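Scroll down for the structure; my scribbles are underneath it.
Given the structure is predicted, the values throughout are model-derived calculations rather than measurements. One-based numbering along the sequence shown.
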Amino acid sequence: PYRRQRQMCIRDSLMICAALLAGGIGTRLDVGMPKQFYLIADKPILIHSLEAFLKVEEMDEIIVSSPKECINKTKDVIKEYELTDPRITVIEGGKRRSDTILNSINYTLENDYPKDSIMVTHDAARIFVTPQLIKDSVRYAKQYGAASAVIPATDVIFESKKQGILTDVPDRQYLLQSQTPQSFNINHYLEIYSDLSDEEIDKLDEAMILFHMRGHEIGLFEGDRTNFKVTRPSDIKIANAMLRG
């Protein structure tokens with residue numbers, strides 16, 4: 001098969017793999033289905049994001065994670081929209097985000113990809129990701145070992161360590177909101193992960209927290225305010241308006 005031939009040609013070199021995280025059930029969106037299948041501008045959320053990654057020629061593998069019960073549905077949707085690119089693979093996600101990322105990493109190792117390869121993680125619900133953001137994420141990960149898209153905080157942020165009471169006002173000039181794509185060297189990730197306690201693993205809401213826990217330098221690059229995560233009903237209205245002009 002084409003994919004196997006391609007792997008044999010580049011197995012000894014650094015590879016670029018994507019973990020497209022589509023394992024949520026969309027509770028906050030409240031649309032009566034896993035949100036990755038919900039149509040925005042007549043196209044499922046998952047397909048919008050997948051198409052952006054397919055435009056990146058440097059991407060060697062695109063691993064789509066799915067809840068176990070939705071794997072066949074995920075494959076059917078991808079087939080329905082005629083995305084037949086051999087780089088696409090659908091795997092079972094995990095209970096936690098960190099489990100899903102680890103499943104994606106394990107897939108690359110089972111297929112003999114070099115451990116020094118780059119993994120690009122992305123929330124499938126961020127449908128406005130651009131190929132340029134993906135490329136920037138890879139470039140910064142190659143330089144720093146780990147990288148994240150960020151945008152400056154525009155509002156004053158209140159900190160409350162006591163419920164309902166203002167306890168601090170951090171200086172806004174130092175505050176950034178994280179986005180995906182977030183990318184990292186797979187070998188570095190595994191080295192740190194193997195050293196974490198169960199309590200620390202439970203805190204891994206996103207990949208960059210793992211590197212921060214062990215003081216690893218993380219490269220930050222400019223994200224995009226349109227690269228928001230479709231999470232609530234109001235986000236659907238905004239996304240539809242943006243896509244339909």
**Study point:** Ionic contact status for R97 with D205, cut-off 4.0 Å
**Key:** no

Review point. CG/L109 to NZ/K115 distance, rounded to the nearest 0.5 angstrom?
Key: 6.5 Å

Practice item. For side chain to side chain contact (heavy atoms under 4.5 Å, CB included), just list the numbers for I134 and V129, CA-CA rounded to whole Å, side-chain angles, deciding distance to a tenth of an Å, and then say yes or no. Key: CA-CA 8 Å; I134 298 167; V129 65; 3.9 Å; yes

**Study point:** E61 versus Y113, side-chain donor and acceptor atoms under 3.5 Å
**Key:** yes

Review point. In Å, rounded to the nearest 0.5 Å, how long is the span from CG of L14 to CD1 of I186?
Key: 8.5 Å

Exercise for review: For the pair H216 (side chain) and M208 (backbone), establish whether a donor and an acceptor sit closer than 3.5 Å, ignoring hydrogens and angles.
Suggested key: no

Point to revise | Within 45° cone and under 6.0 Å: K73 NZ/CZ vs F37 ring | key: yes

Practice item. Would you mind checking if R126 and D123 are paired as a salt bridge, meaning a charged N to carboxylate O distance below 4.0 Å? Key: yes

Exercise for review: Compare all side-chain heavy atoms of I127 with those of N227 and state whether any distance is below 4.5 angstrom.
Suggested key: no

Exercise for review: Using the six-membered ring wherever Trp is involved, compare the ring planes of Y140 and F221 and label them parallel, tilted or perpendicular (cut-offs 30° and 60°).
Suggested key: tilted

Review point. Same hydrophobic cluster for V156 and L166, using side-chain heavy-atom links shorter than 4.5 Å among ILVMFWY?
Key: yes

**Study point:** Charged N-O contact under 4.0 Å between K161 and D168
**Key:** no

Practice item. Compare every heavy atom of V150 with every heavy atom of S178, then report the nearest pair and how far apart it is. Key: CA-CG1, 4.2 Å

Check your understanding: I78 and T84: side chain to side chain contact (heavy atoms under 4.5 Å, CB included), yes or no, with the steps?
Key -> CA-CA 8 Å; I78 292 172; T84 58; over 6 Å; no

Exercise for review: Just jot down the side chain to side chain donor-acceptor pair (under 3.5 Å) partners of Q182, sequence neighbours excluded, or say none.
Suggested key: S148, E206

Exercise for review: Apply the test salt bridge (charged side-chain N to carboxylate O under 4.0 Å, His left out) to residues D155 and R172: give CA-CA distance (whole Å), side-chain angles for both, the deciding distance (0.1 Å), then the verdict.
Suggested key: CA-CA 8 Å; D155 297 321; R172 187 174 60 187; 5.9 Å; no

Review point. Between K162 and T167, is there a donor-acceptor pair closer than 3.5 Å when you use the side chain of the first and the backbone of the second?
Key: no

Practice item. Go through the steps to decide whether D198 and K203 satisfy the test salt bridge (charged side-chain N to carboxylate O under 4.0 Å, His left out), and finish with yes or no. Key: CA-CA 9 Å; D198 290 340; K203 296 177 181 178; over 6 Å; no

**Study point:** Smallest separation among heavy atoms of G94 and N103, with atom names
**Key:** N-ND2, 3.8 Å

Review point. Between CD1 of I101 and CG of L204, what distance do you get to the nearest 0.5 Å?
Key: 8.0 Å

Check your understanding: Of the options Q179, M242, Q177, which is the one that meets F228 in a side chain to side chain contact (heavy atoms under 4.5 Å, CB included)?
Key -> M242

Check your understanding: Hey, what do you get for CD (E92) to OG (S104), rounding to the nearest 0.5 Å?
Key -> 11.5 Å

Check your understanding: Does any non-hydrogen side-chain atom of D99 lie less than 4.5 Å from one of R96?
Key -> yes

Check your understanding: Any Lys/Arg nitrogen of E200 or R214 sitting under 4.0 Å from an Asp/Glu carboxylate oxygen of the other?
Key -> yes

Point to revise | Approximate separation, where rounding is to 0.5 Å, of D235 CG and K229 NZ | key: 10.5 Å

Practice item. For E58 and V138, run side chain to side chain contact (heavy atoms under 4.5 Å, CB included): C-alpha distance rounded to whole Å, both residues' side-chain angles, the deciding distance at 0.1 Å, then the answer. Key: CA-CA 10 Å; E58 299 89 339; V138 171; over 6 Å; no

Revision key, fill the gap. When every non-hydrogen atom of P131 is compared with those of A52, the smallest separation belongs to CG-O, 3.9 Å

Review point. Does the side-chain hydrogen bond (donor to acceptor under 3.5 Å, both in side chains) test come out yes or no for T89 and Y107, once each step is laid out?
Key: CA-CA 10 Å; T89 298; Y107 174 85; 3.2 Å; yes

Check your understanding: Within the distance-only criterion (no hydrogens, no angle test), does the side chain of Q36 pair as donor or acceptor with the backbone N or O of A22 below 3.5 angstrom?
Key -> yes

Review point. Side chain to side chain contact (heavy atoms under 4.5 Å, CB included) with F184: which of L210, I192, T121, I218?
Key: T121

Exercise for review: To the nearest 0.5 angstrom, please state how far the CG atom of N106 sits from the CD1 atom of I91.
Suggested key: 8.5 Å

Review point. Checking S194 side chain against L190 main chain: does a donor-acceptor pair fall under 3.5 Å?
Key: yes

Check your understanding: If you take all heavy atoms of I45 and A125, which pair is closest and at what distance?
Key -> CG2-CA, 3.8 Å

Exercise for review: Please answer whether the main-chain N or O of M15 pairs with a side-chain N or O of D60 as donor and acceptor at a distance below 3.5 Å.
Suggested key: no

Point to revise | Polar side-chain atom of T100 near backbone of G93 as donor-acceptor pair, under 3.5 Å | key: no

Practice item. Anything under 30° is parallel, anything over 60° is perpendicular, the rest tilted; go ahead and classify H122 against F53. Key: tilted

Point to revise | side-chain hydrogen bond (donor to acceptor under 3.5 Å, both in side chains) evaluation trace for Q132 with D136 | key: CA-CA 6 Å; Q132 187 59 54; D136 287 345; 2.9 Å; yes

Point to revise | Exam field: side chain T74 to backbone C70, donor-acceptor pair closer than 3.5 Å | key: yes

Practice item. Determine, step by step, whether I16 and K142 satisfy the side chain to side chain contact (heavy atoms under 4.5 Å, CB included) criterion, reporting the C-alpha distance in whole Å, the side-chain angles of both residues, the deciding distance to 0.1 Å, and the verdict. Key: CA-CA 10 Å; I16 310 299; K142 286 180 178 179; 4.0 Å; yes

Practice item. Establish whether L243 and V77 are linked, either directly or via other cluster members, by ILVMFWY side-chain heavy-atom contacts under 4.5 Å. Key: yes

Practice item. May I ask you to decide whether D76 forms a salt bridge with K79, counting only side-chain N to carboxylate O separations under 4.0 Å? Key: no

Review point. Do the side chains of F128 and Y81 join up, straight or via other hydrophobic residues, at under 4.5 Å, putting them in one cluster?
Key: yes

